[in-house]
Amino acid sequence: MTALTTLGQFIIEKQADFPYAKGELSRLLRDIGIAAKIVNREVNKAGLMDILGDAGSINIQGESQKKLDVFANEQFISALKSGGECCVVVSEENDEYLYIDSEISKDAKYIVAMDPLDGSSNIDVNVSVGTIFSIFRRKSKAGEATMEDALQKGIDQVAAGYIIYGSSTMLVYTTGKGVNGFTLDPSIGEFCLSHPNMTIPEDGYIYSINEGYYTHFPDGVKKYIKYCQVEDVATQRPYTSRYTGSMVADLHRNMIKGGIFIYPITAQAPNGKLRLVYECNPMAFIIEQAGGFASNGYQRILTLDVTELHQRSAIFIGSANMVKQAEEMMKCFS
Ligand code: AFP
């Protein structure tokens, strides 16, 4: 029997990878892990409790918030506040960034951007949802953190991860030295290392896109979808189509099995739907660390300029060869 490694043990062991680190990032990741367990408990109870339905408020994207979104947002913020290693939180649920003005946090080194409960429209129907997080070092030296601290390019992330609340709950993260996945063992209440050194196959046979919007897609995307559907024995086409409406679930599956996830610009969403800071950038960092690639169709996601907290972007992400091929087809029509 192999020895069990908990997330806490793993984080401490990996601190040696950063000889000058003083343990702040480790503590920050541990705080996120604790909040994830609390959110997991509530997500699991969602079908039982009178917790479904709109909380009544509308977030900056004009979307109605579910109560569990609000709950998850509060839990992560509260864990980050009490941990003291994060001075700014950018969240999908908050219009502005939140500067943590407490004695222990105000000079903390790290910024956290997050989507506390992504895919939340799936909660009502018991389909997987997820949390996505991204961690940066602050640029300003001390005192109140600035907008510049919050608006950093994806390439400057020091860590990123996601939690998938699925048939089992997993936390997957990277600190720029590969990707590791931990499955929550409910009997001991610990995330345990279950997927060490995760890698995404270079080629895949799954494509994930909301084909209902086909007529509104750019021609390059239409061409790529047709390519996926054409029969060809040599390349094992037609590919399989899988799309849950929960990015974390779709990307997690594609990371393990190989595949591409696309959310392009559409006629209705001319800049794309997904958010660069707390959806595209963290997922791009994780997938690249696993050996895959992420693009907006023309440019690597991690190098895109960030000008707004809730900026949107198109995304093509997954197995490197699939994303490169989709990019080639986009170029044909640009
Ligand atoms: P919600 O959090 O509003 O459910 O959005 C989920 C999401 O951001 C992402 O997880 C999905 O892949 C994508 O939007 C689904 O969008 P469509 O319903 O337009 O396909």
Side-chain angles (χ1 to χ4, degrees), residues 39 42-43 46 51-73 76 90-95 113-134 160-166 170 172 206-218 221-222 225 241-255 259-284 286-287 294 296-297 301 309-318 323 326:
V39 172
E42 295 306 305
V43 168
I51 200 166
L52 298 178
D54 295 350
S57 51
I58 303 283
N59 70 11
I60 191 168
Q61 280 84 29
E63 298 156 342
S64 60
Q65 294 181 14
K66 303 287 176 187
K67 280 185 180 170
L68 270 175
D69 297 29
V70 178
F71 177 82
N73 196 36
F76 281 103
V90 177
S91 167
E92 191 203 21
E93 301 301 334
N94 299 110
D95 299 357
M114 62 171 179
D115 185 346
L117 211 58
D118 184 61
S120 51
S121 51
N122 275 327
I123 291 169
D124 297 5
V125 290
N126 210 351
V127 170
S128 300
V129 291
T131 295
I132 308 171
F133 62 89
S134 164
Y162 62 80
I163 298 121
I164 176 165
Y165 311 96
M170 276 189 75
V172 174
I206 298 173
Y207 70 104
S208 308
I209 185 167
N210 188 340
E211 276 184 79
Y213 304 146
Y214 184 85
T215 50
H216 303 296
F217 288 155
V221 174
K222 287 181 180 165
I225 292 174
S241 168
R242 291 278 183 275
Y243 188 79
T244 64
S246 204
M247 186 202 200
V248 174
D250 284 316
L251 272 182
H252 182 70
R253 182 202 48 249
N254 290 1
M255 175 140 82
I260 185 169
F261 173 95
I262 304 175
Y263 206 112
I265 59 166
T266 65
Q268 283 81 6
N271 298 317
K273 176 189 176 190
L274 302 184
R275 276 50 67 112
L276 180 60
V277 173
Y278 41 80
E279 292 183 302
C280 301
N281 272 337
M283 286 308 204
I286 297 163
I287 290 290
N296 69 353
I301 289 282
L309 295 178
H310 300 283
Q311 187 173 332
R312 294 177 192 266
S313 172
I315 188 164
F316 298 66
I317 181 169
V323 176

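Counting starts at 1 for both ligands and their atoms, following the listed order. Predicted model only: the values in this text are computed from it and were never measured.
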J.: Under 3.5 Å, is there a donor on one side chain and an acceptor on the other for Asn254 and Ser208?
T.: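 Distance-only check passes for Asn254 and Ser208.
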
J.: Check ligand 1 against Tyr213 and write out every atom of the ligand that is under 4.0 Å from a heavy-atom position of the residue.
T.: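 Here the atoms of ligand 1 in question are 17 (P), 19 (O).
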
J.: Could you tell me whether Leu117 and ligand 1 have an N or O pair separated by under 3.5 Å?
T.: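 For ligand 1, there is no N or O atom that lies under 3.5 Å from one belonging to Leu117.
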
J.: Which atoms of ligand 1 have any heavy atom of Tyr243 under 4.0 Å away?
T.: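 Near Tyr243, the atoms of ligand 1 are 12 (O), 13 (C), 15 (C), 16 (O), 17 (P), 20 (O).
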
J.: Could you tell me, atom by atom, which parts of ligand 1 come under 4.0 Å of a heavy atom of Tyr263?
T.: 16 (O), 17 (P), 19 (O), 20 (O)

J.: With distance as the sole criterion, is a donor-acceptor pair present between the side chains of Asp69 and Ser120 under 3.5 Å?
T.: yes

J.: By number and element, which atoms of ligand 1 are closer than 4.0 Å to a non-hydrogen atom of Leu274?
T.: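 Close to Leu274: 7 (C), 8 (O), 9 (C), 14 (O).
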
J.: Does Asn122 approach ligand 1 within less than 4.0 angstrom via side chain, backbone, both or neither, non-hydrogen atoms only?
T.: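 Neither; nothing of Asn122 gets under 4.0 Å from ligand 1.
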
J.: Is there a side-chain contact between Tyr243 and Phe261 (heavy atoms, below 4.5 Å)?
T.: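 Touching, per the 4.5 Å side-chain cut-off.
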
J.: Relative to the heavy atoms of Ser120, which atoms of ligand 1 are at a distance of less than 4.0 Å?
T.: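 Those atoms are 1 (P), 2 (O), 4 (O).
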
J.: Say whether Ser313 and Tyr263, considering side chains only, have a donor N or O and an acceptor N or O under 3.5 Å apart.
T.: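 The criterion, which ignores hydrogens and geometry beyond distance, is not satisfied for Tyr263 and Ser313.
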
J.: Any idea which atoms of ligand 1 are less than 4.0 Å away from a heavy-atom of Glu279?
T.: 8 (O)

J.: Got a second to check how far Asp118's CG is from Glu279's CD, nearest 0.5 Å?
T.: 4.5 Å

J.: Considering the heavy atoms of Ser246, write down every atom of ligand 1 situated less than 4.0 Å from one of them.
T.: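 Per the distance check, 10 (O).
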
J.: Side-chain contact, heavy-atom cut-off 4.5 Å: Glu93 with Val70?
T.: no

J.: Can you tell me how far the CE atom of Met283 sits from the NE2 atom of His252, to the nearest 0.5 Å?
T.: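 Nearest 0.5 Å value for the CE-NE2 distance: 10.0 Å.
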
J.: Any idea which atoms of ligand 1 are less than 4.0 Å away from a heavy-atom of Ser121?
T.: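 What qualifies from ligand 1 is 4 (O).
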
